[in-house]
Amino acid sequence: MKDLKKIENKWQKEWKKSKIFEAEPDKRKKFFTSLVIAYPSGDLHIGHARTFTRSDIIARFKRMQGYNVLCTTGFHATGNRAVVLAKRIANKDKNTIKTLKDLYSLSDKEIKGFANKPEKVVRFFMEKGTETLNLGGFALDWRRRFISIDPHFSKFIDWQFRTLKKKGYVSKGSHPVIFCPKCDSPITQSDRDEGENAIVSEISLWKYKLDNGVILPAATLRPETIFAITNVFLHPDAKYVLVKVGKESWIVSDAAAKKLKQQRPNLEILDEIDPINVIGQKVSNPVTNDKMLVLPGPFINPDATTGVVASEPSDAPDDHIALEELKKSSQLARYNLTAKDIEKIKYKSLIKLEGYGDFPAVDICKQMKITSLSDEDKLLEAKKTIYKLQFHKGVMKKISGKFAGMSVSDAIEAVKKEYKNKLDVMYEPSERVTCKCGAECYIKLLQDQWFINYGNKKWKSQVKKYLKEMNVYPEFWRQAFEAALDWVSDKACVRKSGLGTPLPWDKEWVIETLSDSTIYMVFFIIDKFIKPNKIKAEQLNDDFFNYVLLGRGNCKTVPKKVLNNIKKDFNYWYPLDWRNSAKDLLNNHLLYFIYNHIAIFPKKNWPKTISVNGYVNLEGEKMSKSKGKATTFRTAIQTYGADVTRTVSVISTSPEQDSDWRDEDAENMVKWRNKFYELINRLAKTKKFVKENNSDKWLLSRSMSTIDIVTQNLEKLESRDAAQYCLYQMMSDFRWYLRRNNNQVSKTAKKIATDWVKLIAVYMPHISEELWKDLGQKGFISNASWPKVDKKKIDKKAEESELRIQKSLDDVQHILKIIGKKPKEIYLYVVPNELKLYKESEDFFSKEFSARVHIYAVNDKNKYDPEKKSSKAKPGKPGIYIE
RNA sequence: GCAGGAGUUCCCGAGCGGUCUAAGGGGCUGGGUUUAGGACCCAGUGGCUUAGUGCCUUCGCAGGUUCGAAUCCUGCCUCCUGCACCA
């Protein structure tokens with residue numbers, strides 16, 4: 001057999017030489033798509049294989065359908081990753097260097113050259129990535145490749161941002177992030193030691209006032225309990241401070257003051273406060289104005305939130321038990337309090353909860369026999385139980401005034417809204433977070449941030465409306481999309497570090513990754529003109545983009561002729577017909593992509609179709625978790641060949657699900673490919689064809705249905721279904737056909753095989769080109785026309801007849817199994833109109849059973865039928881006699 | 001916590017109101033082919049039964065709707081993903 005890997009290389013060269021993938025406008029209908037631009041901080045991984053192959057399959061399919069297809073890609077270097085990598089190399093980080101060596105076989109010298117040179121890193125891997133895509137057989141127009149740190153591209157981003165700003169979609173604000181004080185920077189999941197999954201949670205602060213006007217800000221996740229608060233707790237032995245916040249004075253724990261300082265730059269620490277002096281005083285409830293005591297709470301954690309806790313003992317088991325304990329406390333005198341003071345505290349029933357009385361906290365503590373704060377585990381469980389029940393099923397009682405009758409979950413939001421002016425907020429990580437450097441992290445409110453206002457109601461509703469008009473494949477994702485759209489809000493679009501384009505009007509900021517990659521597909525069209533016309537970045541000013549992209553104004557920096565060519569190309573190719581990406585971009589990039597098109601371009605240029613696919617796991621493990629042995633796209637190609645790698649990466653599961661890369665699958669696919677190649681190659685060489693019988697009509701009918709299904713599925717990019725039919729279904733039909741015909745083929749079968757190779761060509765383009773040539777066809781199969789479905793050739797009768805043969809084969813086998821002996825003679829008695837069908841299959845049956853098979857019509861007077869089995873014959877079910 | 005999903009036979013993985021013991025692989029068992037191994041081909045793979053048949057049981061758990069449920073509804077359990085400065 002030929003070396004199928006050499007074949008791949010040969011056809012890649014042929015394609016390049018003949019430039020068949022370089023697209024120029026012509027009279028055909030166009031189809032414009034692109035691979036999602038990859039981040040080149042390493043070579044492409046196996047996840048890219050899936051997403052990219054899907055795009056390539058659709059591009060190749062459309063090309064064969066007769067469209068003028070433009071498919072291309074570029075690289076995205078914006079952001080911090082390469083900067084961090086280059087820094088780590090400079091610091092001689094062993095893991096980083098080892099990974100680079102293991103995965104990409106780089107030499108020490110090469111690696112050393114990357115130290116503190118992020119640009120060098122990304123440009124190096126851009127070349128690697130390009131190579132890999134070529135090895136994968138991607139049908140791309142490489143004249144349009146760019147990287148997002150090219151100065152020309154930056155000019156495009158300048159224009160985009162100025163345009164957005166003019167339209168009022170960019171504004172300044174503040175933004176909470178999880179922050180490491182030691183590294184002095186926001187800290188992402190991968191930089192964390194503990195609390196990888198922590199998120200920023202917003203905590204409400206109710207401001208309880210002492211008589212002297214000083215505020216005790218109590219933190220809570222349940223602001224609706226304000227109506228039933230009975231007292232406030234301070235830790236008697238913790239360090240508290242008096243701080244100034246704007247015009248107000250607050251008392252908070254020392255730890256809290258330090259955290260709050262990060263969220264409120266105007267906060268000033270004035271003085272240390274002894275909590276003992278505050279305990280025993282009275283504060284007023286900010287909503288009800290009720291007076292209540294400040295009590296000692298040795299159980300509270302002064303480091304959490306503000307160190308001030310409001311107590312709601314009817315619903316919070318902790319608070320209830322704390323008060324119970326306090327009644328018996330011997331320490332009360334220390335705070336000038338008496339047990340009577342505590343006993344006077346009256347619980348207020350706030351939330352109606354089925355199965356519980358007025359005070360659920362009291363009930364559950366009784367039930368669970370909790371009597372002391374030292375029963376920590378039980379208390380936690382009780383708290384969780386009540387909280388969960390109340391959140392989902394609790395109903396607010398009369399005491400809550402206008403919120404009465406609301407569910408607790410609704411009331412929380414309603415209270416926040418109603419008392420917007422009285423409530424304050426602070427932010428905390430949802431769990432403890434520590435940085436890899438060891439320091440504990442907290443939330444910092446970044447000031448003077450620039451935002452793109454994706455929360456803008458009008459803009460959002462435009463997106464929502466247009467989303468309904470767009471095609472989303474698989475339809476499965478549309479719901480997820482709409483849900484994500486509901487949640488998307490203003491997005492901080494600049495950072496202080498990393499590669500990228502400086503914000504045009506505030507150059508100390510750099511536009512971040514997801515914000516400079518929203519409409520980059522436009523740049524594929526422009527980029528092609530830059531080199532040949534020696535256009536400099538400075539020439540690409542706003543006038544240029546306004547003229548070529550929006551058809552507005554005048555541009556004097558670029559020659560008129562070039563300008564109009566670009567404009568012509570843009571009008572021909574745009575909009576993007578198909579955007580395919582992995583699901584990680586669903587919540588962000590894909591939405592921003594639609595948002596920005598809608599903001600900047602007229603409707604005729606808005607994208608048409610979005611498709612999404614799941615991730616790829618490696619041997620059942622997440623790629624990020626399978627340490628060290630991460631398979632790259634390139635090694636997969638080198639091991640199994642491009643055709644196999646491509647096919648395996650899209651065939652294993654349906655697009656909406658995560659798939660799994662298993663070497664075993666790839667090995668099976670290698671077998672399949674070889675079998676396919678040998679089969680078609682043998683057909684190609686066949687000169688002697690057999691006479692046709694029912695199985696030819698059957699095969700033709702089956703192949704027409706298969707082509708039909710494959711075509712329909714590719715239209716929706718249901719790659720798995722399409723592949724399953726055109727690989728496995730077709731193969732199993734051919735196998736039956738060959739079995740039926742003693743491994744011989746007819747002319748019809750060879751023609752069907754030719755169509756089959758065309759179907760396979762989108763998955764396995766290399767081997768298909770080779771077989772195309774073997775079959776004596778001209779030109780590239782990549783440019784051949786997609787097989788047409790002739791529904792007239794779908795022959796239900798022939799299929800049914802073939803089914804009868806199969807069934808009869810089964811019946812005989814079944815009997816043979818039961819009688820358990822080797823047959824010498826087999827007699828089949830068929831109804832008269834089936835005689836021809838069975839008679840032409842007589843040899844086939846004989847061969848299958850290694851016995852002489854005799855076919856008789858039931859009305860044949862000369863038949864041999866000692867046991868009168870012919871009387872059992874029905875249509876499709878011959879009588880059977882075996883000797 | 002909020003949001004979006006998933007749980008199918010030994011394993012992977014289809015099916016998403018009747019044609020479902022439930023596609024397709026893999027594994028295992030038997031047979032063929034082969035000098036042998038491999039590869040390849042055929043058959044079997046819940047239980048009982050049978051000259052090509054018939055019955056019972058099964059799709060996370062528990063209920064419900066229906067003439068009929070793996071498929072629809074309700075509740076529960078378990079698992080996965082995202083929640084933003086990270087590409």
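Hydrogens, waters and symmetry mates are skipped; everything else that's a heavy atom, side chains included, is used. First the proteins, then the strands, lettered A, B, ... as listed; each starts at 1.
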For this session: Report which part of the nucleic acid A/N588 touches: base, sugar-phosphate, or nothing (heavy-atom distance under 4.0 Å, all strands).
Result: base

Seminar exercise, completed: pair_partner(B/U78), Watson-Crick or wobble, both distances < 3.5 Å, evaluates to B/A6

For this session: Considering only atom C1', compute the distance from B/G7 to B/C61 and round it to an integer number of Å.
Result: 11 Å

For this session: Using the C1' atom as the reference point in each nucleotide, state the distance between B/C77 and B/C86 in Å, no decimals.
Result: 34 Å

Exercise. Distance between the P atoms of B/U50 and B/C42, in whole angstroms?
Worked result: 29 Å

Exercise. Who does B/U53 pair with, Watson-Crick or G-U, both distances under 3.5 Å?
Worked result: none

For this session: Please measure how far the C1' atom in B/U45 lies from the corresponding atom in B/U58, and state the result in whole Å.
Result: 16 Å

Exercise. Which nucleotide in the set B/A3, B/C41, B/C85 lies at the smallest distance from any side-chain heavy atom of A/A492?
Worked result: B/C85

Seminar exercise, completed: Regarding the side chain of A/Q813, the nearest nucleotide among B/A43, B/A87, B/A3 is B/A43

Problem set entry | Between C1' of B/C86 and CD of A/E512, the distance in whole Å | 9 Å

Problem set entry | Any strand: nucleotide that pairs with B/G38 via Watson-Crick or wobble, under 3.5 Å | none

Problem set entry | Who pairs with B/C20 - Watson-Crick or G-U, where each distance is under 3.5 Å | none

Problem set entry | Rounded interatomic separation in angstrom, taking CH2 from A/W487 and P from B/G4 | 10 Å

Exercise. Hey, are A/R740 and A/E802 close enough for a salt bridge, meaning a charged N less than 4.0 Å from a carboxylate O?
Worked result: yes

For this session: Could you state the atom-to-atom distance from OH of A/Y427 to C1' of B/A84 in whole Å?
Result: 14 Å

Exercise. Can A/K796 and A/E800 be counted as an ion pair, charged N to O under 4.0 angstrom?
Worked result: no

For this session: Would you indicate what A/Y592 reaches in the nucleic acid, counting non-hydrogen atoms under 4.0 angstrom: base, sugar-phosphate, or nothing?
Result: base

For this session: In whole angstrom, give me the gap between the P atoms of B/C12 and B/G60.
Result: 14 Å

Problem set entry | Short side-chain N/O contact to B/C86 OP1/OP2 from A/R495, under 4.0 Å | yes

For this session: Pick base, sugar-phosphate or nothing for A/Y728, based on heavy-atom distances below 4.0 Å to the nucleic acid.
Result: nothing

Exercise. What is the distance, rounded to the nearest whole Å, between atom CG of A/L514 and atom P of B/A84?
Worked result: 13 Å

For this session: Check for a donor-acceptor pair, side chain of A/T518 on one end and backbone N or O of A/N596 on the other, with a separation under 3.5 Å.
Result: no

For this session: Could you tell me the separation between the NE2 atom of A/H76 and the P atom of B/C86, rounded to a whole number of Å?
Result: 14 Å

Exercise. Would you say the ring centroid of A/F633 lies under 6.0 angstrom from that of A/H45?
Worked result: no

For this session: Spell out yes or no: do the side chain of A/S489 and the base of B/A84 have one donor N/O and one acceptor N/O closer than 3.5 Å?
Result: yes

Exercise. Are any of A/K675's side-chain N or O atoms less than 4.0 Å away from OP1 or OP2 of B/C41?
Worked result: yes

For this session: For A/F179 and B/A84, give me the distance from atom CZ to atom P, rounded to whole Å.
Result: 17 Å

Exercise. Is there a residue in residues 732-744 of chain A whose heavy atoms reach under 4.0 Å of RNA chain B, and which residues are they?
Worked result: A/R735, A/R739

Exercise. What integer distance in Å separates A/I199:CD1 from B/A3:P?
Worked result: 12 Å

Problem set entry | Test: A/K869 and A/D865 ion pair at under 4.0 Å | no

Exercise. Atom NE2 of A/H589 to atom C1' of B/C83: distance rounded to whole Å?
Worked result: 19 Å

Problem set entry | Centroid-centroid distance, A/W487 to A/F481, less than 6.0 Å | no

Exercise. What integer number of Å spans the C1' atoms of B/U21 and B/C59?
Worked result: 11 Å

Problem set entry | A/K496 bridged to A/E508 by N-O distance under 4.0 Å | yes

Exercise. Sub-3.5 Å donor-acceptor pair from the side chain of A/S515 to the main-chain atoms of A/I511, do we have one?
Worked result: no

For this session: State the pairing partner of B/C28; accept Watson-Crick or G-U wobble contacts with both distances under 3.5 Å, and report none otherwise.
Result: B/G44

For this session: Using the P atom on both, measure B/C20 against B/A70 and round to a whole Å.
Result: 12 Å

Problem set entry | Salt-bridge present (A/R702, A/D733; N to O < 4.0 Å) | yes

Exercise. Can you check whether A/Y864 and A/Y827 have ring centres sitting under 6.0 Å from each other?
Worked result: yes

For this session: For the residue pair A/Y595 and A/Y592, categorise the inter-ring angle as parallel (less than 30°), tilted (30 to 60°) or perpendicular (more than 60°).
Result: tilted

Problem set entry | NZ or CZ of A/R222 within 45° of A/Y387 ring axis and under 6.0 Å | yes

Each nucleotide N or O in nucleotides 48-54 of chain B that has a protein N or O under 3.5 Å away: list the pair and distance.
| unit_1 | atom_1 | unit_2 | atom_2 | d |
| --- | --- | --- | --- | --- |
| B/A51 | N1 | A/I882 | N | 3.4 |
| B/G52 | O2' | A/D811 | OD1 | 2.3 |
| B/G52 | N1 | A/P878 | O | 2.9 |
| B/G52 | N2 | A/D811 | OD2 | 3.4 |
| B/G52 | N2 | A/P878 | O | 2.8 |
| B/G52 | N3 | A/D811 | OD2 | 3.4 |
| B/U53 | OP1 | A/K877 | NZ | 3.0 |

Exercise. In whole Å, what separates the P atom of B/G46 from that of B/C10?
Worked result: 9 Å

Seminar exercise, completed: Sorted by position of nearest nucleotide on RNA chain B, 5' first, the leading residue of A/C493 and A/N668 is A/N668

Seminar exercise, completed: Sorted by position of nearest nucleotide on RNA chain B, 5' first, the leading residue of A/A38 and A/L809 is A/L809

